[in-house]
Amino acid sequence: MDTFVIDPANTAWVLLSAALVLLMTPALALFYGGMVRSKSVLNMMLMSFSALGVVGVVYLLWGYSMSFGSDVGGLVGNPLQLFGVANLADGDPSDLMAGHGVPAYAFLAFQATFAIITVALLSGAVADRLRFSAWLLLTLVWSTLVYFPLAHMVWGGGLLSGAGPIGHLATPMDFAGGSVVEIGAGVAGLVLAVVLGARKGFGKDPMRPHNLPFTMLGAGLLWFGWLGFNAGSAGAADHQAAIAWVNTTAAACTGLLGWLVVERVRDGKATSLGAVSGAVAGLVAATPSSGYVAPPGALVLGLVAGMLGAGAVGLKFRLGYDDSLDLVAVHLVGGLVGTIGIGLFATGPDLLDGARRGLFYGGGLAQLGAQTALALAALAFSAVVTAAIAVALRRVMALRVPAEHEIGGVDLALHGETAYEGIASGRLASGA
Amino acid sequence: MKLVTAVIQPHRLEDVKNALQGAGIRGLTVSEASGYGRQKGHTEVYRGAEYVVDLVPKLRLEVLVADEDAETVTDVIVRTASTGSIGDGKVWTVPVEDVVRVRTGEHGTDAV
């Protein structure tokens, strides 16, 4: 790196974007918290907040180094090289935004918030039944063995970047984490749901969302934060950031409409939960693609993600896996649509070196092949390693709460608190 | 003394309450209730999962009156709670052995 000169505008934008992405984790707590039953809302929200705690610390200790430190075999960064990030120089080789005049600590701040929200997403698959100690351990192990290696392989110059084998076809592109975040967490949710087993009464007893206004507020805040997630991924306050902002919102709009149309035709009524689910599915599809496509492409990708997501929510009942809050339908499906869709819609001046325009913009099949390879490789990696983690954890500890705790509610059983005051509001225990 | 209990449609409460006040009835207790009769329930769909909700939200009114007022109360409630559609509810009356006003300790009709 030549002498590093800080760019105040770009640095300000990245720091603000990091704050926006940080807000997405409490937003996810609301989004998910409203969808579970009232007896487990605190546990569900606490899973997101505790991901902030655990992954925030892990990221500083070895997460940043494993993601963007010096390469080890194309799989992962050396965890010891930048362990603890005590003295990270501006313009450090790990700082992928240095070319935009953004200091390494700003890049780290932005990336840390990505790791946190990705891990928090997993809580949707394990609702109402995972022991809290098992969750804390899972956040530590999964971020270390799945998220950081994936971030390194895709963004840190590893096996799934242009420097890897896919690069012979074309440079695979993932703007803000369609493979690293969405496919990685989506398929991991499926694996965890299978290993953990279904909730008591799944598919039989009613498990209605207890507070959809929470869920809608959470979705609104997610949308807001996602503008930092995607437009901030440009690493600069520039043309690509602007188009990413527009594409992100465009995809959310059509995702929302697409989900509603499917519901209206299939179930007879358009629902509020469907609207916000569709918006999030569109945001997911925009994540990998928003920096590389034009707005018409973003409109189509959001619509496809919304409609396919609405179609995929029924799968868990037919196949019998309790992906409680639909990581598969929203994140896996949307992530695949956005990541592979780049191969169809990529265009404009912001493509990576070695990447091609999409099929619909005269670039032929090369980029489509590279994107498909990236999506499938990320899916396979996360599925295999998550399965190994889940099975290993199940051997060393009980993952599920006892049946009576699940039936009575994990808020009271695990945390000794309840979200809502009933008729019996208790009295102060004296003398304790 | 009599206890008149009514289960009514929630949106009829204001009219019933005003009519009872107009008839000189000085107190009533309202609680939220849910149940079903011939009206049956409805279905709700969340992300494609359909739930049959059997219990419909209702309000339960309880009015304590002297024997001679019971029929008036029943008539007023039936008249004002009615919309003519299924699910309008029911009104029933039972005898009450004793009533005590907590503040004064008065018994019987004095306490009503």
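Naming: A, B, ... by sequence-line order, numbering from 1 per chain.
Interface residue B:Val53: only side-chain heavy atoms are found under 4.5 Å from chain A. Looking at A:Met35, only its side chain comes within 4.5 Å of chain B, counting heavy atoms on both sides. Looking at A:Val330, the atoms closer than 4.5 Å to chain B (heavy atoms on both sides) all sit in the side chain, from C-beta outward.
The environment of A:Phe317 atom CZ is dense: over 12 non-hydrogen atoms of other residues, nucleotides or ligands sit within 6.0 angstrom.
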Write out all chain A-chain B donor-acceptor pairs shorter than 3.5 Å, or none if the list is empty.
{"from": "A:Met207", "atom 1": "N", "to": "B:Tyr51", "atom 2": "OH", "distance (Å)": "3.4"}
{"from": "A:Met207", "atom 1": "O", "to": "B:Tyr51", "atom 2": "OH", "distance (Å)": "3.4"}
{"from": "A:Arg208", "atom 1": "NE", "to": "B:Glu44", "atom 2": "OE1", "distance (Å)": "3.3"}
{"from": "A:Arg208", "atom 1": "NH2", "to": "B:Glu44", "atom 2": "OE1", "distance (Å)": "2.8"}
{"from": "A:Arg208", "atom 1": "NH2", "to": "B:Glu44", "atom 2": "OE2", "distance (Å)": "3.4"}
{"from": "A:Ser277", "atom 1": "OG", "to": "B:Arg47", "atom 2": "NE", "distance (Å)": "2.8"}
{"from": "A:Ser277", "atom 1": "OG", "to": "B:Arg47", "atom 2": "NH2", "distance (Å)": "2.9"}
{"from": "A:Leu325", "atom 1": "O", "to": "B:Arg47", "atom 2": "NH1", "distance (Å)": "3.0"}
{"from": "A:Asp326", "atom 1": "OD2", "to": "B:Arg47", "atom 2": "NH1", "distance (Å)": "3.1"}

